[in-house]
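Here the structure is laid out as structure tokens; the discussion comes afterwards.
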Amino acid sequence: MPLELRSQNVKVDIKEQVATTNIRQVFFNPSHQRLEGTFIFPIPRGAQIDKFSMEVNGKMQEAELLDAKKARKIYEDIVRKAKDPALFEYAQQGLFKVRIFPIEPRKEKEVKIKYTEILPKDGNMVRYLYHLNLAKYSTRPIKDLSVKVEIESEAGEIKSVYSPSHEVEVKRHGKQRVVVGLEEENLKPDADLQLYYSLRGKDGGDVDVAAITHKEDEDDNGYFMLLVSPGAWGADRPPMPKDVVFVFDSSGSMRGKKIEQAKGALRFVLNNLNKGDLFNIVAYDTEIESFQPEMQRYGDSTRKQALGFVEGIHAGGSTNIDGALTAAFEMLKDDQDPSYVIFLTDGLPTAGQTNPNAIVSNATKHNAVRARIFNFGVGYDVNSRLLDKLARECFGQSQYVRPDEDIEAQVSRLYERIGAPAMTDIAIHYDIDGLAVEKGAVTNRVYPKDAYDLFAGDQLVLVGRYKHSGAVKLTVKGRVGGKEEKFDFKGTLVKHSAESSRGYVERLWAMRRIGEIIDKIDLEGRTEELVDELIALSKRHGILTPYTSFLADDTGGPLEEARGRQLTNEALDQLSAAPGGKSGVVQRAAKAALQRGNAAGFSSGGARVLDLASDKEVTLQTVQNVRTKTFFQRNGIWEDSTITEKQKKVAFLKISQQHRQLVSVS
């Protein structure tokens, strides 16, 4: 019986590219007999480790450093016993090995590790990797997992900070210190933590762009990711003023806990507006009631008056969504400052205009200042397709608050992110010197689409494809304080990637493209081309959705393509038939997660997919993601997702020829 890893706490200090990693792990012997343990720890690929120490229950232990050749032998033995192809991801690396004895029955054993390494730097990007993939070493989820990374740089400002593997929390402390955190409970970690950060000289400008590119085949598309960041800009100057209208559902269905949480969210926004902001509140049920007829300048007096207005809101009546949105958009008259509508509803439109298409049309018509709308659908009684259409037509996004989730926490988290605009209406242009016009655009299918805003302390993560390689000039244009600003950057769209470590860029693009395809099918209708692309992308990258989960079927066979297409169409029919209700909310929340995905979510094990019935992710063991590769189990054989039928036949022919030669020799 293997040991259980009960807790892991990691503290990393990075100063001028030198990383010191401290690890504390607690193992538990669940058996009723004394065990001897052999602890193996993989060394980060390419790391130049100059210090390593290991402590077991307070005593220093002598660890054996094994080179990659010996390490590979150990991993191959484990693979043969466990039949786990994911273990091969460490096979090219060295490892430390230490014997731990005794491990008493039903007792814990603490292991502490400390090592120092010099982090690799590529241009202005520095990369840190921690082997967090522990699923193969522990039979149960870890009760307590925490990772804290402190980054300091005296050489320049820390700009973009990004993890392609995990959704991490980033907190800035001035321009030259950043703290990155990851905390989970009862987690079975199945992906290594990757962290990138970019450095910019002390004389750098207000906005920074860091580019990461990947091109596996010279004759195929390349993929790029841009990290656009204002760094610690918000600490140096006040954020530009903004206009905010909070549209508050006070219908009868909001009675009780929901309306109290919603009021808490509204109080949070009111207490965190910035000096110079304009704001207003629209409360709606059957009737429409506004805090004031016009937008109000934020100050102590208006804040207190608005808080008093919130206290007087009571739940009752029907749901006049159309009237509320019309009133909100008509208040926004000045397009010099960025405008935002925070719209909260927990039900279907039941008063005034109730036709969803007409509501979207009216909102678009009255949105004269190109305000961004942030929708919060509370519970399962909302028309989620209506909210998504509003978000698409009014340049925003939708979020869904499940019945057991806290409205205040969700709204507060959003406002903390968008509270301080740094640059708005951003557009990025890409130019390659000497590229003829008839060759077409440099990039295509860049996500997110359209214009976007950049907020202090936040960053944009853009992904896209490119066909043409070479030196590229990036021009970032946008509005800062009512004035047009422009920043130029230089980069390179590589012709061929020497290694596969940046393959996550392609997978991240595929995630967002899949989200966009599902959104198009949802809001515009299904086409054969979209379904074909959805299946192809899901299969190639192991990104399973509720509409492509058939790919995990291990039977395979010549009818797989036709059968799979039929299953996908049947699943997509559920999306078309569910404008609201639990099914509609669950599916549209999953779609939004793909569209906004900032982490490629590689798991070195079974692929995860959302189960619509339970609204929970399930792991499918017939699909394995190993770094940037995906394997499907077909009739007991692991098959690379990128292999073609022609390649299968060639491989089979070679195996057959080798078999004949062996027979003739014997």
Side-chain angles (χ1 to χ4, degrees), residues 206-207 228-248 265-282 290-303 305-307 309-310 324-325 327-344 363 366-376 390-391 394-399 410-427 448 450-460 476-485:
D206 291 328
V207 174
V228 186
S229 171
W233 192 16
D236 293 319
R237 64 180 75 177
M240 70 176 72
K242 61 184 181 295
D243 299 348
V244 181
V245 181
F246 198 106
V247 183
F248 188 96
L266 184 45
R267 292 188 197 99
F268 179 88
V269 173
L270 291 171
N271 286 320
N272 287 275
L273 289 167
N274 301 314
K275 187 177 180 180
D277 287 348
L278 292 174
F279 77 101
N280 211 334
I281 304 167
V282 175
S290 301
F291 164 52
Q292 295 292 344
E294 298 178 342
M295 300 292 286
Q296 299 295 297
R297 185 71 61 185
Y298 183 70
D300 190 55
S301 176
T302 52
R303 179 184 67 84
Q305 293 174 40
L307 289 172
F309 176 80
V310 173
L325 290 176
F329 283 124
E330 286 183 341
M331 290 177 181
L332 299 169
K333 303 181 184 300
D334 186 357
D335 63 358
Q336 291 300 302
D337 295 330
S339 298
Y340 304 99
V341 172
I342 300 176
F343 170 53
L344 185 145
H366 289 99
N367 187 7
V369 299
R370 198 179 167 86
R372 276 96 164 118
I373 189 168
F374 293 94
N375 302 315
F376 285 89
L390 281 169
C394 295
F395 326 106
Q397 65 184 45
S398 297
Q399 292 182 223
Q410 296 266 26
V411 176
S412 301
R413 192 177 301 121
L414 170 82
Y415 186 76
E416 282 184 331
R417 185 175 70 81
I418 69 168
M423 192 176 193
T424 61
D425 297 318
I426 293 176
D450 305 320
Y452 8 78
D453 294 350
L454 183 63
F455 302 94
D458 197 17
Q459 67 183 3
L460 282 174
V476 180
K477 295 181 179 179
R479 295 176 65 85
V480 179
K483 296 189 300 183
E484 292 287 344
E485 296 279 359

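- Remark: side-chain polar atoms of K242 are paired, donor with acceptor, to backbone N or O of G419 under 3.5 angstrom.
- Between the side chains of E416 and S412, not a single donor N or O lies within less than 3.5 Å of an accepting N or O.
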Run the numbers on R479 and Q336 for side chain to side chain donor-acceptor pair (under 3.5 Å), then give the verdict. CA-CA 9 Å; R479 295 176 65 85; Q336 291 300 302; 3.2 Å; yes
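- Between the CG atom in N271 and the CG atom in L266 there is a gap of 9.5 Å [rounded to 0.5 Å].
- Counted within 6.0 Å of CD on E484, heavy atoms from surrounding residues, nucleotides or ligands total more than 12; the atom is thus considered enclosed.
- To the nearest 0.5 Å, atom CG of residue N375 and atom CZ of residue F343 are 6.0 Å apart.
- Put simply, NE2 on H366 and CD on E330 are 4.5 Å apart, with the number rounded to the nearest 0.5 Å.
- Minimum heavy-atom separation, F291 to T302: CZ-O, 3.9 Å.
- Contact between L332 and V369 at its shortest, heavy atoms only, is O-CG1, 3.4 Å.
- Of all the heavy atoms in P241 and D277, the pair that sits closest is CA-OD1, 3.5 Å.
- Contact check for Q296 versus Q305: no side-chain heavy atoms found under the 4.5 Å cut-off.
- Y298 and F279 have perpendicular rings, their planes meeting at more than 60° on a 0 to 90° scale where under 30° would count as parallel.
- Remark: side-chain polar atoms of N280 are paired, donor with acceptor, to backbone N or O of E294 under 3.5 angstrom.
- To the nearest 0.5 Å, the span separating CZ on F374 from CD1 on I418 amounts to 4.5 Å.
- Scanning both residues, A391 and I373, for their nearest heavy atoms gives CA-CG2, 4.0 Å.
- Among all heavy-atom pairs drawn from D453 and L460, the shortest one is O-CD2, 3.7 Å.
- For the pair P421 and F455, the tightest heavy-atom approach, listed with the atom from each and the gap, is CA-CD2, 3.6 Å.
- Between atom OG of residue S339 and atom CG of residue D334 there is a gap of 7.0 Å, rounded to the nearest 0.5 Å.
- Here the straight-line distance linking atom CE of M423 with atom NZ of K477 works out to 10.5 Å at 0.5 Å rounding.
- Side chains of D337 and M240 form no contact here, defined as non-hydrogen atoms less than 4.5 Å apart.
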Checking L325 against L390 for the side-chain contact (heavy atoms from CB on, under 4.5 Å) test, could you report, in this order, the C-alpha distance in whole Å, the side-chain angles of both residues, the deciding distance, and whether it holds? CA-CA 10 Å; L325 290 176; L390 281 169; 3.8 Å; yes
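- Using a 4.5 Å heavy-atom cutoff, the side chains of L273 and Y415 are in contact.
- Judged by distance alone, with hydrogens and angles left aside, the side-chain atoms of N272 form a donor-acceptor pair with the main-chain N or O of F268 at under 3.5 Å.
- You'll find the side chain of V228 stays beyond 4.5 Å of the side chain of Y452, heavy atoms only.
- Ionic pairing of R372 and D425 is present here: one or more N-O contacts between side-chain nitrogen and carboxylate oxygen are shorter than 4.0 angstrom.
- Looking at heavy atoms from C-beta onward, V411 lies out of side-chain contact with Q399 at the 4.5 angstrom threshold.
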